Amino acid sequence: MSHNSFGRVFRFTTWGESHGPALGAVVDGCPPGLALTETDIQPFLDKRRPGTSRFTTQRREPDAVRILSGTFEGRTTGTPISLMIENVDQRSKDYSEVAVAYRPGHADYAYDAKYGFRDYRGGGRSSARETAARVAAGAVARVVIPEVAIRAYLVELGGDAIDPAAFDDAEIDRNPFFCPDAAAAARWEAIVDGARKAGSSVGAVVECVSTGVPAGWGAPLYAKLDSELAAALMSINAVKGVEIGDGFAAARLTGEQNADPMRPGDGAPAFLANHAGGVAGGISTGQPVVVRVALKPTSSILTPVETIGRDGASAEIATKGRHDPCVGIRAAPVVEAMVALVLADQKLLHRAQTGR
Ligand SMILES: Cc1cc2nc3c(=O)[nH]c(=O)nc-3n(C[C@H](O)[C@H](O)[C@H](O)COP(=O)(O)O)c2cc1C
């Protein structure tokens with residue numbers, strides 16, 4: 001299987017399957033001399049880890065990361081950084097039905113159509129276990145861009161949106177949904193409990209804001225900052241839509257409504273709005289970079305769904321095993337990681353071309 005790498009100057013490759021002995025990432029192109037130990041990476045993995053609340057999969061994984069190469073005496077050496085996370089809580093027998101029949105909405109049929117042979121245990125390579133490796137690589141990216149703060153949170157779950165007027169940054173880490181609105185988080189408990197008890201699942205929308213990105217990162221055409229972000233975010237499992245700034249809503253505005261007026265500021269322009277989401281002409285403007293990601297409802301559900309077997313005969317599948325009733329919840333740290341990986345790459349690309 002090819003295409004397991006992402007990035008240009010700051011480039012990472014992930015490896016591993018859901019029920020293999022371990023998974024991980026190799027990060028190449030990281031500048032030398034940066035302070036990096038496991039303690040810089042582990043807190044981000046702990047945010048994505050499964051089994052931390054009743055609202056996520058009950059698979060118990062410590063997701064403890066080990067740095068196998070690329071650092072010496074707590075600093076990066078400029079050589080490939082290899083990161084490894086062991087899988088310790090596999091239950092492959094839960095997936096026997098996935099071996100013989102395809103889960104509609106999951107990758108089972110498409111993998112068989114392409115490769116003709118697949119590791120079905122826990123979804124194999126198509127499992128979002130792989131996103132643990134992205135989160136580890138994303139933590140390395142963050143040490144390359146200390147000037148940037150990246151924050152992702154859920155703004156909608158099961159069709160129920162937060163109240164933007166109730167946005168409280170401190171609330172994001174106080175509830176199991178990465179939700180900035182305490183009242184919405186309380187409502188979401190009932191929504192996710194209801195979906196799980198019904199053997200169903202729900203979708204979500206994750207928003208991510210990056211502050212401190214200087215003006216000038218990105219490129220005008222084929223490595224636009226927004227197209228790189230879109231590619232990175234669309235590569236996350238279950239993502240079905242990406243918006244930059246106002247996104248689709250911009251299509252319903254007039255030119256004057258959508259403008260981000262500028263005034264002279266203190267060393268940099270003062271923008272009066274940010275409909276563009278911090279990117280214009282593919283290049284950062286110095287405003288916060290705002291992206292939104294739509295995640296579909298989990299396709300592995302207990303409710304029986306019509307399907308076909310590997311033999312082509314009609315069948316019905318009710319997926320057992322341990323699954324996230326809303327994959328969007330644990331996607332928030334993954335979104336942050338992918339944004340960090342793109343921004344670190346863009347910073348190094350900008351430096352390579354301009355010397356700044
Ligand atoms: C954090 C996270 C956790 C996920 N957990 C599950 C899960 O428990 N069960 C499941 O069927 N899909 C889960 N998914 C989604 C599948 O991995 C994904 O739907 C599948 O690989 C097919 O790819 P696609 O949805 O991008 O087409 C999860 C996705 C993310 C981002």
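Ligands are counted one by one from 1 in listed order, and the atoms in each one are counted from 1 as well. For the numbers below, each heavy atom of this structure counts, side chains included, while hydrogens, waters and symmetry mates do not. For this chain, numbers begin at 1 and follow the sequence in order. Given the structure is predicted, the values throughout are model-derived calculations rather than measurements.
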Tabulation required: pairs of a nitrogen or oxygen in ligand 1 and a protein nitrogen or oxygen under 3.5 Å; columns are atom names and distance to 0.1 Å; otherwise 'none'.
residue, atom, partner, partner atom, Å
ligand 1, 5 (N), D324, OD2, 3.1
ligand 1, 8 (O), H323, ND1, 3.4
ligand 1, 8 (O), D324, N, 2.9
ligand 1, 9 (N), H323, ND1, 2.9
ligand 1, 11 (O), H106, NE2, 3.4
ligand 1, 11 (O), S300, N, 3.2
ligand 1, 11 (O), S300, OG, 2.5
ligand 1, 17 (O), S126, O, 3.2
ligand 1, 17 (O), N237, ND2, 3.1
ligand 1, 21 (O), S126, O, 2.7
ligand 1, 25 (O), A238, N, 3.3
ligand 1, 25 (O), K296, NZ, 2.6
ligand 1, 26 (O), A238, N, 2.9

Quick one, V205 and L295 - any side-chain contact, counting heavy atoms below 4.5 Å?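 No - every pair of side-chain heavy atoms lies 4.5 Å or more apart.
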
Pairwise side-chain contact, L157 with I329, heavy-atom cut-off 4.5 Å (strictly under):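 They are in contact (side-chain heavy atoms under 4.5 Å apart), so the answer is yes.
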
Can V9 be reached from L343 by stepping across I, L, V, M, F, W or Y side chains whose heavy atoms are under 4.5 Å apart?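 Per the 4.5 Å side-chain linkage, L343 and V9 are co-clustered.
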
If only atom types and distance count, is the side chain of Q42 paired as donor or acceptor with the main-chain N or O of V65 below 3.5 Å?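 Side chain of Q42 to backbone of V65: a pair is present.
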
Taking the side chain from D246 and the backbone from A249, do they hold a donor-acceptor pair closer than 3.5 Å?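 Checking the backbone N and O of A249 against the side chain of D246, no donor-acceptor pair under 3.5 Å is found.
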
So that I can tick it off, tell me whether K224 and D226 are bridged by a salt bridge, with the cut-off set at under 4.0 angstrom between side-chain N and carboxylate O.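 Salt bridge absent between D226 and K224.
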
